[in-house]
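Keep in mind the model is a prediction, meaning the values are calculated, not measured. Here is the naming used below: chain letters follow the sequence lines, and residue numbers restart at 1 for every chain.
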Amino acid sequence: MMEKQLQRSRAVLPIGTVMKLTTLSARQIRYYETQGLIKPARNEGNRRQFSLIDVDRLLDIKGYLDEGFNMTEIKRVYEKQAKHQQKEHKALEKPVTDEDVRQVLQHEFLSIAGLNHGSEPSFPSDDLSKK
DNA sequence: GTTCTAACA
DNA sequence: TGTTAGGA
């Protein structure tokens with residue numbers, strides 16, 4: 001049941017393929033990597049090798065971009081996602097599937113987009129539940 | 001031909 | 001972000 005997960009995390013796609021799949025420029029893809037939004041593997045030639053999970057992540061990022069979010073805002077979303085993964089991992093040792101990730105992202109996306117879709121760079125700030 | 005990093009008209 | 005230089 002986890003086989004597909006392994007296949008999806010198999011990083012073998014060159015940046016050129018990812019460009020076509022996501023319609024993002026190499027510049028953007030590389031930049032997002034420096035911003036910590038994605039972490040593609042590298043082959044022996046220092047070439048980036050993306051997995052389907054990476055592509056999926058890129059497509060999500062593109063979605064945020066279309067909604068007018070900037071890198072810092074998008075990064076914030078993924079930071080929270082990272083926390084979720086850590087939490088799950090430490091607490092239950094439960095493997096996070098890309099479907100889980102999608103749900104978290106979708107939730108974050110909808111809530112953020114719904115609260116301020118206009119132009120204000122301001123966010124509802126962090127959660128108050130962390131005590 | 002493709003991808004990489006760094007830098008800027 | 002685009003684009004280009006110079007390498008691998």
Worksheet entry | Electrostatic pair A:Glu33:A:Lys39 at N-O distance under 4.0 angstrom | no
Worksheet, complete the sentence: Atom CG of A:Asn46 and atom P of B:dT2 are separated, to the nearest Å, by 19 Å
Worksheet item: Which residue lies toward the 5' end of DNA chain C, A:Leu65 or A:Arg30, if each is placed at its nearest nucleotide?
Response: A:Leu65
Worksheet item: Does a side-chain N or O from A:Ser25 land closer than 4.0 Å to OP1 or OP2 of C:dT1, or not?
Response: no
Item to complete: Examine B:dT2: is either OP1 or OP2 under 4.0 Å from a nitrogen or oxygen in the side chain of A:Arg47? Give yes or no.
Response: no
Worksheet entry | Distance in angstrom units between A:Leu37 CG and C:dT1 P, rounded | 11 Å
Worksheet item: About how many Å separate OG of A:Ser51 and CG of A:Leu6, when rounded to the nearest 0.5 Å?
Response: 11.5 Å
Discussion item. Nearest whole Å is fine: how far is B:dT3 C1' from A:Leu13 CG?
Written reply: 15 Å
Worksheet entry | Verdict with reasoning, A:Thr17 to A:Val55, per side-chain contact (heavy atoms from CB on, under 4.5 Å) | CA-CA 10 Å; A:Thr17 301; A:Val55 174; over 6 Å; no
Worksheet item: How long is the line joining CZ of A:Arg48 and P of B:dT3, in whole Å?
Response: 11 Å
Item to complete: Could you tell me the separation between the CG atom of A:Leu24 and the C1' atom of C:dT1, rounded to a whole number of Å?
Response: 12 Å
Discussion item. Checking base pairs now: Watson-Crick or wobble, both atom distances under 3.5 Å. What partners C:dA5?
Written reply: B:dT5
Worksheet, complete the sentence: Between CD of A:Gln49 and C1' of B:dT2 the distance, given in whole Å, is 13 Å
Practice prompt. Calculate the interatomic distance between A:Ile15 atom CD1 and B:dG1 atom C1'; express it in whole Å.
Written response: 15 Å
Item to complete: Whole angstrom is fine here: how far is it from OH in A:Tyr31 over to C1' in C:dT1?
Response: 10 Å
Fill in: A:Arg42 and A:Asn46 side chains, donor-acceptor separation under 3.5 Å
yes
Discussion item. Looking at A:Arg27 and C:dT3, is any side-chain donor or acceptor paired with a base atom of the opposite kind under 3.5 Å?
Written reply: yes
